[in-house]
Amino acid sequence: MTTPGSGTGAVEVPPTPDGIPFFGNGLAFSRNPVEAMEDWASLGDVVRLQMPGQSMYMVTHPALIKRILADDHDQFTISAAQRETFRGVEDHAVTTTTGDRWERLRKALRPAFTHDALDRYGDRMASTTAAFVDEWNDGERIDLYREMRLLTVNILADTLLDTNVRGNENVVMNAADALVNRANFRRPGQLLPDWVPTLAERRFERTVRALDEFVDEILTQRQRSESNDDVCSVLLTAHEEGKLTLAEVRHNVVALLLAGHDSPSVALTYIWYLLADQPDVCASLREEYDAVVNGEQPSIESYDELERTQNVVVEALRMYPPTLGVSRQTAEPVTLGGYKLPRGAQLLLPQRVVHRDERFWDNPETFDPSRWQNGGDRPEYAYFPFSGGPRNCIGTHFARQELTLALATMIGRIELDISVDGPLRFTPSLQLRPETDMEAIVTRR
Ligand code: HEM
């Protein structure tokens with residue numbers, strides 16, 4: 001693979017797609033983010049976008065993405081847009097901090113994501129899913145995305161937090177919606193100056209306050225309990241040892257609750273969407289389930305053997321990566337792909353575009369889980385649903401295990417007949433959430 005721009009003299013400005021006055025390329029993006037990003041990528045590996053109030057650079061070549069996220073990661077920091085989105089919610093969390101502070105927070109979270117910890121969560125991931133889908137009646141119609149969100153909030157709370165939140169999921173989901181809405185390109189008021197107080201901003205504050213109170217309650221319960229290996233206990237111990245402030249404990253739990261349920265729920269929704277017209281793949285998953293799980297419940301022991309289920313998950317994350325993209329900002333002037341970018345340039349690395357690039361994938365538009373047999377073959381960073389480098393998703397292995405065990409558990413217990421209301425539409429925000437209604441009719445196996 002040749003690195004784009006290598007060997008050529010750096011020129012000033014990357015290609016810029018045509019836009020309209022004032023809105024620039026923002027309107028096309030807000031109308032259909034997926035189509036817009038695909039169109040823009042045809043102009044080159046680095047494209048300059050005119051978004052309202054700022055320029056943004058979209059980078060779509062794996063070699064450049066590797067450089068930004070891994071090789072030269074010191075030259076790139078988290079974006080101002082990311083910090084702005086999480087302002088007032090996660091200011092003291094791993095998601096928004098940089099430098100030594102970020103390292104300290106990331107280190108404090110690590111014990112919750114070790115191999116041993118993941119082994120401990122495995123059986124719970126399956127049992128929570130089983131209990132959840134057992135609430136569905138035969139013939140019941142469900143709102144697929146909403147149910148997958150409820151499920152993933154419960155899995156996260158039952159495993160990482162060792163806390164039952166059944167019935168209170170809305171507190172978490174509303175806060176996640178408020179963040180997605182704040183970053184939504186279609187939000188009325190997106191173009192107003194920050195000092196104009198909007199109704200939405202006041203609603204935002206109420207929602208976030210409710211989540212803070214919810215998390216404080218969980219932390220208070222934890223302080224009284226004997227258990228010490230859930231993430232709250234781990235963080236509270238770090239606080240007692242003077243390694244974390246209480247605000248850092250709280251905001252890290254908030255970050256885990258939000259990041260830890262949202263993307264997995266989007267992923268599970270697209271997995272079912274893809275399986276809807278793949279009866280052969282569904283049959284082969286059921287066959288695998290019967291052979292591996294054999295009338296029991298999937299467990300951490302069965303995880304490695306559920307190869308076909310794992311391949312479906314990995315392939316679905318290729319075709320429908322839940323996040324819009326990874327964002328970064330240049331920490332100094334850099335030359336990227338032959339272009340000179342100033343300090344502070346905003347970068348967007350959109351997974352979906354790279355995951356479907358014909359230069360790196362055979363038949364990229366085809367859902368083909370078998371391409372992952374024996375690990376699959378592709379250039380590094382042509383696949384990066386969880387980002388990469390030191391700042392990658394801390395929940396990568398948690399999520400892969402969760403999605404596999406949850407899918408296997410569902411495959412063993414139910415069938416879903418899914419109807420989708422028209423072509424897929426996506427929210428132009430942090431996640432590529434489905435905006436198209438997806439209803440499913442449950443048949444119990
Ligand atoms: C399908 C599921 C998931 C996907 C696709 C996903 C994707 C991502 C991506 C793209 C990032 C940005 C990384 C960067 O800026 O380079 C991220 C960050 C993060 N994710 Fe995930 N994620 C998923 C599940 C989870 C889960 C289950 C958890 C927690 C239990 C989690 C916790 C986090 C945290 C805390 C960060 C911030 C890490 C940091 O800045 O150091 N994610 N995730």
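Both counts, for ligands and for their atoms, begin at 1 and track the order of listing.
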Side chain, backbone, both or neither: which part of [X] comes within less than 4.0 Å of ligand 1 when only heavy atoms are counted?
X      : answer
Val326 : side chain
Leu156 : side chain
Leu160 : side chain
Phe113 : side chain

- Partner of His261 under side chain to side chain contact (heavy atoms under 4.5 Å, CB included), chosen from Met173, Glu402, Met148: Met173
- Among Cys393, Ser263, Pro385, find the residue that satisfies the side chain to side chain contact (heavy atoms under 4.5 Å, CB included) test when tested with Thr323. Ser263
Could an N or O of ligand 1 be found under 3.5 Å from any N or O of [X], whether backbone or side chain?
X      : value
Ser327 : no
Arg328 : yes
Ser263 : no
Asn392 : no
Arg391 : yes

Identify, by atom number and element, the atoms of ligand 1 in contact range of [X], meaning under 4.0 Å from any of its heavy atoms.
X      : value
Val94  : 35 (C), 39 (C), 40 (O), 41 (O)
Gln351 : 10 (C)
Ala399 : 2 (C), 24 (C)
Pro322 : 5 (C)
Thr323 : 10 (C)

- Message: For Arg400, is the CZ atom crowded, meaning more than 12 foreign heavy atoms sit under 6.0 Å from it?
- Response: no
- Task: Show your reasoning for whether side-chain contact (heavy atoms from CB on, under 4.5 Å) applies to Asp368 and Glu315.
- Result: CA-CA 7 Å; Asp368 178 12; Glu315 175 69 346; 4.1 Å; yes
[atom1] of [X] to [atom2] of [Y]: how many Å apart, nearest 0.5 Å?
X      : Y      : atom1 : atom2 : answer
Phe86  : Asp91  : CZ    : CG    : 10.5 Å
Leu151 : Thr269 : CG    : OG1   : 9.5 Å
His73  : Ile68  : NE2   : CD1   : 13.0 Å

Shortest protein contact, [atom] (heavy atom only):
atom                    : answer
atom 37 (C) of ligand 1 : Thr95 CG2, 3.6 Å
atom 34 (C) of ligand 1 : Ile394 CG2, 3.8 Å
atom 32 (C) of ligand 1 : Ala259 CB, 3.8 Å
atom 16 (O) of ligand 1 : Ser387 OG, 2.5 Å
atom 29 (C) of ligand 1 : Gly260 CA, 3.7 Å

- Item | Option among Arg106, Arg104, Lys243, Lys107 that satisfies the salt bridge (Lys or Arg N to Asp or Glu O under 4.0 Å) test with Glu248 | Arg104
- Task: Kindly confirm or rule out a cation-pi arrangement of Arg356 over Tyr320, judged by NZ or CZ under 6.0 Å from the six-membered ring centre and within 45° of its axis?
- Result: yes
- Item | Heavy-atom nearest option to atom 41 (O) of ligand 1, drawn from Gln82, His73, Glu90, Arg106 | Arg106
- Message: Which option wins on minimum heavy-atom distance to atom 10 (C) of ligand 1: Cys393, Pro385, Gly388?
- Response: Pro385
- Task: In plain terms, say whether Arg433 and Asp262 are close enough for a salt bridge, that is, a side-chain N and a carboxylate O under 4.0 Å apart.
- Result: yes
- State plainly whether the residues Asp72 and Lys66 are in salt-bridge range, i.e. N to O under 4.0 Å. no
- Item | Centroid-centroid distance, Tyr145 to Trp272, less than 6.0 Å | no
- Message: Are His397 and Tyr121, when compared by the centres of their aromatic rings, separated by less than 6.0 Å?
- Response: no
- Task: Measure the distances from the heavy atoms of Arg400 to every atom of ligand 1 and state whether one is below 4.0 angstrom.
- Result: no
